Asker: 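Starting off with a structure, shown below.
The structure displayed is predicted, hence computed values, not measured ones.
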Amino acid sequence: VEVAAVLMAIGKMHEARRELSEAHAAWSRAAAIQEKALGPEDAQLAGALANLARLAFLENDWATAKSLMERSLAIREKQLGPDHPDTARTKANFCNILIELGDYGRAERLTREAMASMEKMLGPEHPQLATSQEQLTHILYLSGKAQEAIPIQKRALAIREKVLGPDSPQAGFALNNLGLLLQATG
């Protein structure tokens, strides 16, 4: 299992250097070791699967990304529970894949679940919560529900301004996104 941990770190290094095939090789080997040593439902394996899903996403291989992320999420929900921060992050990351596949309904549901978990675990003013709120506004916009997205984007903007300051780049992006929603709704 220690070898798998080293391979996970090596994969991260390769990913940072944009050496995706090397990252894939390291994470695939780590996943195989973890699955053999710890079993097919171990929480550590879920991390390797999520990393492989992210690589598939970067390579526009949506079917593989979806399959790997579904398995990672199922493991994390079973082993860590639905409200664990790792489970919430997996749900939020899975939504990027679902958006690309046009499955806005499932993406919205998972994002709302992730937001509820993040708010419970991290508090109502955590930057990760604002990120999920912005993801939800994007999903709602794509779903033709821009009006419903406005109050959520306002909450994300308020968090960004309070935590990072009104002149921060993140607050600027949140304000710009609010402006786009307001424009879209007239």
Side-chain angles (χ1 to χ4, degrees), residues 11-20 23 47 50-66 68-70 72-73 76 82-186:
K12 287 274 188 206
M13 178 199 66
H14 284 302
E15 181 189 32
R17 297 166 104 184
R18 291 297 203 211
E19 300 167 349
L20 301 184
N51 288 342
L52 288 167
R54 191 171 60 253
L55 286 179
F57 178 83
L58 291 173
E59 295 169 342
N60 299 325
D61 183 355
W62 313 122
T64 300
K66 181 181 180 190
L68 290 165
M69 197 59 85
E70 280 180 329
S72 176
L73 179 58
R76 284 188 166 152
D83 289 328
H84 191 278
D86 288 345
T87 305
R89 275 190 294 278
T90 301
K91 287 177 182 179
N93 291 333
F94 193 10
C95 288
N96 294 323
I97 297 165
L98 295 171
I99 289 168
E100 289 297 328
L101 293 170
D103 191 349
Y104 303 135
R106 186 171 181 199
E108 180 181 343
R109 181 180 55 79
L110 286 178
T111 301
R112 288 185 186 277
E113 289 175 11
M115 284 172 43
S117 298
M118 286 179 194
E119 188 164 4
K120 188 186 305 181
M121 301 297 262
L122 304 173
E125 295 178 345
H126 196 279
Q128 272 189 317
L129 179 60
T131 300
S132 286
Q133 289 169 331
E134 290 167 339
Q135 184 177 44
L136 179 58
T137 63
H138 180 65
I139 294 165
L140 292 171
Y141 174 79
L142 292 172
S143 302
K145 303 176 190 175
Q147 192 68 42
E148 188 180 332
I150 291 171
I152 298 165
Q153 185 63 37
K154 285 181 178 178
R155 286 195 303 273
L157 173 60
I159 292 170
R160 299 279 190 217
E161 289 179 334
K162 182 172 184 177
V163 175
L164 304 170
D167 295 329
S168 70
Q170 294 88 345
F173 289 128
L175 185 59
N176 182 66
N177 291 340
L178 178 58
L180 292 171
L181 286 171
L182 292 170
Q183 182 182 28
T185 59

Asker: Is a side-chain N or O of Asn176 found less than 3.5 angstrom from the main chain of Gly172, in a donor-acceptor match?
Answerer: no
Asker: So, Asn60 versus Glu100: side-chain donor-acceptor pair below 3.5 Å or not?
Answerer: no
Asker: To the nearest 0.5 Å, what is the distance between CD1 (Ile159) and NE2 (His126)?
Answerer: 10.0 Å
Asker: If you look only at distance, which donor and acceptor atoms sit under 3.5 Å apart when one is on a side chain in residues 146-158 and the other is two or more places apart or in another chain?
Answerer:
from: Glu148; atom 1: OE2; to: Arg112; atom 2: NH2; distance (Å): 2.9
from: Gln153; atom 1: OE1; to: Thr137; atom 2: OG1; distance (Å): 2.9
from: Gln153; atom 1: NE2; to: Ala174; atom 2: O; distance (Å): 3.1

Asker: Should Leu101 and Lys66 count as side-chain neighbours, where that means a heavy-atom distance under 4.5 Å?
Answerer: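 They are in contact (side-chain heavy atoms under 4.5 Å apart), so the answer is yes.
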Asker: Which pair of heavy atoms, one from His14 and one from Ala23, lies closest together, and at what distance?
Answerer: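 For His14 and Ala23, the tightest heavy-atom pair comes out as CB-N, 3.6 Å.
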Asker: Taking all heavy atoms of Ala171 and all of Pro166, pick out the closest pair and write down the distance.
Answerer: CB-O, 3.8 Å
Asker: Name all residues meeting the ring-ring contact (aromatic ring centres under 6.0 Å, His included) criterion together with Phe57; count only those two or more places apart in sequence or in a different chain, and write none if there are none.
Answerer: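 Here the qualifying residues are Trp62.
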Asker: Quick one: pull up CG in Leu58 and CD in Glu15 and give me the separation to the nearest 0.5 Å.
Answerer: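 So the CG of Leu58 and the CD of Glu15 are separated by 6.5 Å.
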Asker: Are the side chain of Thr111 and the backbone of Ser132 linked by a donor-acceptor contact shorter than 3.5 Å?
Answerer: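 No; judged by distance alone, with no hydrogens or angles, the pair does not exist.
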Asker: Less than 4.5 Å apart, side chain to side chain, heavy atoms only: is that true for Glu108 and Lys145?
Answerer: yes
Asker: Please report the shortest heavy-atom distance between Arg76 and Gly47, naming the atom on each side.
Answerer: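 So the minimum-distance heavy-atom pair works out to NH2-CA, 3.2 Å.
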Asker: Checking Thr87 side chain against Asp83 main chain: does a donor-acceptor pair fall under 3.5 Å?
Answerer: no
Asker: I need the Phe173 CZ to Glu134 CD distance, nearest 0.5 Å.
Answerer: 10.0 Å
Asker: Using modelled atom types and a 3.5 Å cut-off, is there a donor and acceptor pairing between side-chain atoms of Thr185 and backbone atoms of Leu182?
Answerer: yes
Asker: Say you draw a straight line from CD of Glu70 to CG of Leu98; how long is it, rounded to the nearest 0.5 Å?
Answerer: 7.5 Å
Asker: May I have the step-by-step check of side chain to side chain contact (heavy atoms under 4.5 Å, CB included) for Cys95 and Gln135, ending in yes or no?
Answerer: CA-CA 8 Å; Cys95 288; Gln135 184 177 44; 3.4 Å; yes
Asker: With rounding to the nearest 0.5 angstrom, report the CG to CD distance, Leu175 to Glu161.
Answerer: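 That separation rounds to 7.0 Å.
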Asker: To the closest 0.5 Å, what do you measure between CG (Leu178) and CD (Gln183)?
Answerer: 11.5 Å
Asker: Ignoring hydrogens and geometry beyond distance, is a side-chain donor-acceptor pair present between Arg160 and Thr131 at under 3.5 Å?
Answerer: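 Side chains of Arg160 and Thr131: pair found under 3.5 Å.
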Asker: Could you tell me which non-hydrogen atom of Ala107 sits nearest to which non-hydrogen atom of Ile99, and how far apart they are?
Answerer: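 Reported closest heavy-atom pair: CB-CG1, 4.3 Å.
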Asker: With no hydrogens and no angle check, is any side-chain donor or acceptor of Thr64 less than 3.5 Å from a backbone partner on Asp61?
Answerer: no
Asker: Which atom pair, heavy atoms only, marks the closest approach of Lys91 to Ala114?
Answerer: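 Taking Lys91 first and Ala114 second, the nearest heavy atoms are CB-CB, 4.0 Å.
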Asker: For Met115 and Leu129, which heavy atoms make the closest approach, and how far apart are they?
Answerer: O-CD1, 3.6 Å
